[in-house]
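Just so it is clear: chains get the letters A, B, ... in the order the sequence lines come, proteins before strands, and each one is counted from 1.
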Amino acid sequence: MNHWIILPILMPALVAPLIALTARHDIVLARIFSVGATVLLLGLALMLTGVASAGEAQVYLLGNWVAPFGIVLVLDRLSALMLTLTAVLGLAVLLYAINGWDKRGPHFHSLFQFQLMGINGAFLTGDLFNLFVFFEVLLIASYGLMVHGGGAARIKAGVQYVIVNLLGSTLFLVAVGLIYSVTGTLNMADLAQRVALVASADQGLLHAGALLLLLVFGIKAALVPMQFWLPGTYALAPAPVAALFAIMTKVGAYSIIRVFTLIFGGEGVAALATPWLLPAALVTLVLGMLGVLAARALGQLVSFAVIASMGTLLAAVALFTPASVSAALYYLVHSTLVAGALFLIVDLVGERRPGHGDSLTVAPVFAHGGVIAALFFLGAIAMAGMPPLSGFIGKLLILDGVRGHAAANWIWGAILGTSLLGLLGFARAGSTLFWKSVSVDGAFAAPEGPAPMLPFVTAGLLLAASVLITIFAGVLSGYLDDTAAQLFDTQRYIDAVLGQARVGVR
Amino acid sequence: MEFLVASSVGIMTAAGVYLLLRGRTFPVVLGLALLSYAINAFLFAMGRLTIHQPPLVSAAASGYTDPLPQALVLTAIVISFGMTAVIVVMALRAFLESGDDDVDLLGERRTRPGQAQ
């Protein structure tokens, strides 16, 4: 048993109270702890990716109880990938936040670490109820982060966010209850075996449970018709938090992939999830891109771009073939990094235009407009899916991955058509913010003192990561092909989990 | 007993959903509380309704009641209690900051708070 597997959960869980207890009045100390822990987390995630890429799913028995009686953590290629992505995004967001955002309210760093703990836990757990618990951990931290810095509008949006997610948690419990009542287990590997054995009289309950799970993960992933909470939340959340939330929608996508390949996989999934997921994802894509076109503020525009990217991603996931899931995972990595960068750019623009904020109005020239415009240009190209950046490769892989499926025409049409809408939306926003400002007299006063480099560097780093996954697309998609193959080889996962022996027992 | 438990879960869920759809935060909070009561009763019943049986396999007893849903319900109760506290505090804060307790966002306000100054 590899004890490193629990550290991505344990370390933030220990660092967060440490910061809250010892460094609550010393922001410098809190920053050192927080950044240090996140750097360690990134190293750990990379190490675990190395372990996972060896091929076998690694199992960690919590409390040395054998599965399915105890809770297990499972590290496979997909969890390792998600851990690394979380750590990369988390580190960039944190470096952006320590430039001043973290001082606008108490306990930013503790909440941030708890958030990372919840996200890592959700990616590692191999137990359905434990997944619920980690969802709650990451949500309760996100409630705190969402209203960080305060302000009436933000707290109102926060209340909405909490209400929607509490309802989601309630539905999650119903789904878990239904599934447990007919299978008698909540261990995912055990469930994968038991769902096939459910009596035909109980199939209705099982399917209701499965579809409720899809609904719950759909709320997290902002799938139409549960997307309505996202624009308000993301556009009103503090910028670094909105950037971190870019991974939260992916937690929903991850859960859909995990549950519907492993538990309800095989033949059943085509009948169960695809007929709901595929149309919903395509509508999400179209609606998101229409939102990009109609947005009146940059934050809103990026939020709708996130919705559209979830649509693209889930449309590919919905086919549940190794090729489409592999392509979807590439798009997932790309859209997380780029959405994170764009939310940071929204903040860079907003704070330099007093009175206008990030709204798409023609306002005078603002400080550092050139650098920010360049960053926005790169981010917009990547998000809209234009060559040469990762969005283009991501969409290309998806178009290739869905080829041959009966619904391929719909997916091709939706992705290609909406790409044009997205391009128009981003081009309009960019020209309003950066080009038309020249036609207005005057200029916004530059912030006093030399401009801090860190915010530009971090936004740039996230975009550089997008460039990196473009250059090394072959390496990454090779890893993702293996990941998808591992996901669909459920028998090996089941054997690894249920065959894991206890430690220290003959 | 099945009818009693099932109908109480149903009635609490219906009342909870109704309250959840109201426009002000106080009924919404109550609705969420009712929903979580309904779900706790539901979760409890998912291990089947058994009475006069120990939650452990024992040679002396003729059967046993499933202990796992009881443990799950305990977790769910703790979490929903904590969440109710959070939403109450946030709803109060929203009321104090904005002067009304509507669930809707503030008008069509487009600028971010803290950046308008």
Part of [X] within contact of chain A (heavy atom distance under 4.5 Å):
{"X": "B/Thr84", "answer": "neither"}
{"X": "B/Val86", "answer": "side chain"}
{"X": "B/Leu72", "answer": "both"}
{"X": "B/Leu32", "answer": "side chain"}
{"X": "B/Leu20", "answer": "side chain"}

Quiz item: What part of A/Leu171 lies closer than 4.5 angstrom to a heavy atom of chain B: side chain, backbone, both or neither?
Solution: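 Neither part, no heavy atoms under 4.5 Å.
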Quiz prompt | Contacting moiety of A/Val147, where chain B heavy atoms sit under 4.5 Å | solution =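 For A/Val147, the contact with chain B is made by the side chain alone.
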Practice problem: Using the side chain to side chain contact (heavy atoms under 4.5 Å, CB included) rule, take A/Val176 and A/Ile179 through it: C-alpha gap first, then chi angles, then the decisive distance, then the call. | Solution: CA-CA 5 Å; A/Val176 165; A/Ile179 291 172; 6.0 Å; no
Quiz item: Got a salt bridge between B/Asp101 and A/Lys156, using NZ or NE/NH1/NH2 to carboxylate O under 4.0 Å?
Solution: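 A/Lys156 and B/Asp101: not salt-bridged.
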Practice problem: Count the heavy-atom pairs under 4.5 Å between each of B/Asp66, B/Val17, B/Val29 and chain A, then report the option with the highest count. | Solution: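 Going by pairs under 4.5 Å, I would pick B/Asp66.
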Quiz item: With respect to chain A, which residue among B/Ala38, B/Ala94, B/Ser80 yields the maximal number of heavy-atom pairs within a distance under 4.5 Å?
Solution: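 Of B/Ala38, B/Ala94, B/Ser80, B/Ala94 has the most heavy-atom pairs under 4.5 Å with chain A.
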Quiz item: Looking at CD of A/Glu136 and CD1 of B/Ile79, how far apart are the two atoms once the value is rounded to the nearest 0.5 Å?
Solution: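 Here the interatomic distance stands at 5.0 Å.
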Exercise. Return the orientation label for the A/Phe245 and A/Tyr161 ring planes: parallel under 30°, perpendicular over 60°, tilted otherwise.
Key: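 Rings of A/Phe245 and A/Tyr161: parallel, under 30°.
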Practice problem: Could you please spell out the steps behind the side chain to side chain contact (heavy atoms under 4.5 Å, CB included) verdict for A/Leu293 and A/Leu301? | Solution: CA-CA 8 Å; A/Leu293 210 53; A/Leu301 181 133; over 6 Å; no
Self-check item: Check: A/Phe132 ring centroid to A/Phe135 ring centroid under 6.0 Å
Solution: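 A/Phe132 vs A/Phe135: aromatic centres not under 6.0 Å.
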Self-check item: Donor-acceptor contact below 3.5 Å, side chain B/Arg24 vs main chain B/Arg22
Solution: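 No: the side chain of B/Arg24 does not pair with the backbone of B/Arg22.
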